[in-house]
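All chains are named by letter (A, B, ...) in the order of the sequence lines, taking the proteins before the strands, and each is independently numbered beginning at 1. What's counted below: heavy atoms across the whole structure, side chains too, no hydrogens, waters or symmetry copies. These numbers come from a predicted model, not from an experiment.
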Protein chains: 2
Amino acid sequence: MISNRIQIFRTDRGLSRKELAALVDVNPQTIGFLERGSYTPSVELALQLARVFGVSVEAVFSLEPFPPLAAQIGAPASPPKGDTP
Amino acid sequence: MISNRIQIFRTDRGLSRKELAALVDVNPQTIGFLERGSYTPSVELALQLARVFGVSVEAVFSLEPFPPLAAQIGAPASPPKGDTP
DNA sequence: ACATATTGTTATGTTTACGCAACAATTAAT
DNA sequence: ATTAATTGTTGCGTAAACATAACAATATGT
């Protein structure tokens with residue numbers, strides 16, 4: 001329960017776990033645990049992560065699972081399944 | 001470190017601690033601890049509180065202390081201190 | 001006046017976030 | 001080919017989140 005997009009934002013910003021960890025002042029392993037969803041961070045850490053990524057907390061954390069990226073970015077209407085046969 | 005406006009939003013919405021606690025599914029005392037700043041909630045609880053209040057997480061929780069309400073709402077330019085003597 | 005609800009506080013217990021160390025498995029750089 | 005960096009995982013320890021109970025103080029309702 002509760003999903004996050006830490007890994008997506010981190011890789012998008014070209015950061016390693018170690019680097020991100022330094023930016024939000026936690027242990028690098030902690031980032032790993034968070035990305036795997038092994039635990040739920042405090043609002044404090046959530047606010048720091050959102051600040052580093054330059055987005056809202058809601059953009060990084062959600063009570064419901066996040067839809068796959070394709071639905072958010074520019075994915076074709078529906079095709080890629082039996083396209084022009 | 002980390003301040004919140006839980007009490008302000010709660011009273012503004014006309015909720016008791018018990019009622020708010022029920023809405024976010026925690027113990028009523030937990031609301032008390034949060035309002036006093038005795039501890040920092042998880043993002044999960046923060047998201048639920050923000051959802052109940054109908055605002056963003058950033059509107060309820062901040063890494064820096066919140067300014068007094070007067071600065072946010074319609075407070076007179078500065079007067080109420082030696083007004084028309 | 002009495003009862004009920006709300007708040008403030010304190011104490012005890014369980015769970016979990018997070019730090020830190022260690023190591024295997026990939027991957028990237030040279 | 002070898003080194004270095006990144007990742008995945010496991011284990012142990014500590015601090016803090018949260019549950020629950022208990023009680024005083026004040027307010028609110030009737």
Side-chain angles (χ1 to χ4, degrees), chain A residues 1-66 68-70 73, chain B residues 1-66 68-70 73:
Chain A
M1 315 92 234
I2 210 179
S3 58
N4 74 72
R5 281 178 162 162
I6 296 175
Q7 186 172 4
I8 293 176
F9 277 109
R10 176 175 64 79
T11 58
D12 181 70
R13 302 296 193 267
L15 297 169
S16 69
R17 289 183 180 175
K18 199 175 175 181
E19 291 170 328
L20 177 56
L23 288 172
V24 296
D25 197 42
V26 294
N27 207 279
Q29 333 271 33
T30 296
I31 303 296
F33 279 106
L34 291 174
E35 290 188 351
R36 283 178 246 137
S38 293
Y39 55 61
T40 301
S42 64
V43 220
E44 186 168 13
L45 181 48
L47 283 167
Q48 288 175 14
L49 287 166
R51 185 172 58 179
V52 164
F53 295 145
V55 299
S56 69
V57 169
E58 284 84 354
V60 188
F61 298 92
S62 172
L63 292 170
E64 289 101 42
F66 280 111
L69 269 185
I73 321 182
Chain B
M1 317 96 233
I2 211 180
S3 59
N4 74 72
R5 282 178 162 161
I6 296 176
Q7 186 171 4
I8 292 176
F9 277 110
R10 176 176 64 79
T11 57
D12 181 71
R13 302 296 193 265
L15 296 168
S16 69
R17 288 183 180 174
K18 199 175 176 181
E19 291 170 328
L20 177 56
L23 288 172
V24 297
D25 196 42
V26 294
N27 207 278
Q29 331 273 34
T30 296
I31 303 295
F33 279 106
L34 291 174
E35 292 188 350
R36 281 179 249 136
S38 292
Y39 55 61
T40 302
S42 63
V43 220
E44 185 168 13
L45 182 48
L47 283 167
Q48 288 175 14
L49 287 166
R51 186 172 59 182
V52 164
F53 295 146
V55 298
S56 69
V57 169
E58 283 85 354
V60 188
F61 298 92
S62 172
L63 292 171
E64 289 102 42
F66 279 110
L69 270 184
I73 321 182

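- A heavy-atom distance below 4.5 Å is not found between the side chains of B/F53 and B/L23.
- Atom CD of A/E35 is separated from atom P of D/dT9 by 12 Å (rounded to the nearest Å).
- A/R13 is linked by a salt bridge (Lys or Arg N to Asp or Glu O under 4.0 Å) to nothing, counting only residues two or more places apart in sequence or in another chain.
- Taking every heavy atom of residues 48-61 of chain B and every atom of DNA chain D, no pair lies under 4.0 Å.
- Atom CD in A/E19 sits about 6 Å away from atom P in D/dT6, given to the nearest Å.
- A heavy-atom distance below 4.5 Å is found between the side chains of A/Q48 and A/L45.
- Listed by chain and number, the residues in a side chain to side chain donor-acceptor pair (under 3.5 Å) with A/Q29 amount to none (sequence neighbours excluded).
- Within the structure, every pair that satisfies the side-chain hydrogen bond (donor to acceptor under 3.5 Å, both in side chains) test and touches residues 30-41 of chain A, not counting sequence neighbours, is listed here: A/R10-A/E35, A/R17-A/E35.
- With sequence neighbours excluded, the residues satisfying side-chain contact (heavy atoms from CB on, under 4.5 Å) with A/T11 are A/Q7.
- Considering all non-hydrogen atoms of both residues, B/V43 and A/A46 come closest at CG1-CB, 3.4 Å.
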Can you check each nucleotide of nucleotides 17-25 of chain D against protein heavy atoms at under 4.0 Å and return B for base, S for sugar-phosphate only, - for none, in 5' to 3' order? SBSBBB---
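- As rounded to whole Å, 12 Å separates atom P of C/dA17 from atom CD1 of A/I6.
- What you find for B/L34 and B/P41 is that their closest heavy atoms are CD2-CD, 3.6 Å.
- With rounding to whole Å, A/L20 atom CG is found 19 Å from D/dA5 atom P.
- For D/dT10, neither phosphate oxygen OP1 nor OP2 lies less than 4.0 angstrom from any side-chain nitrogen or oxygen of A/R36.
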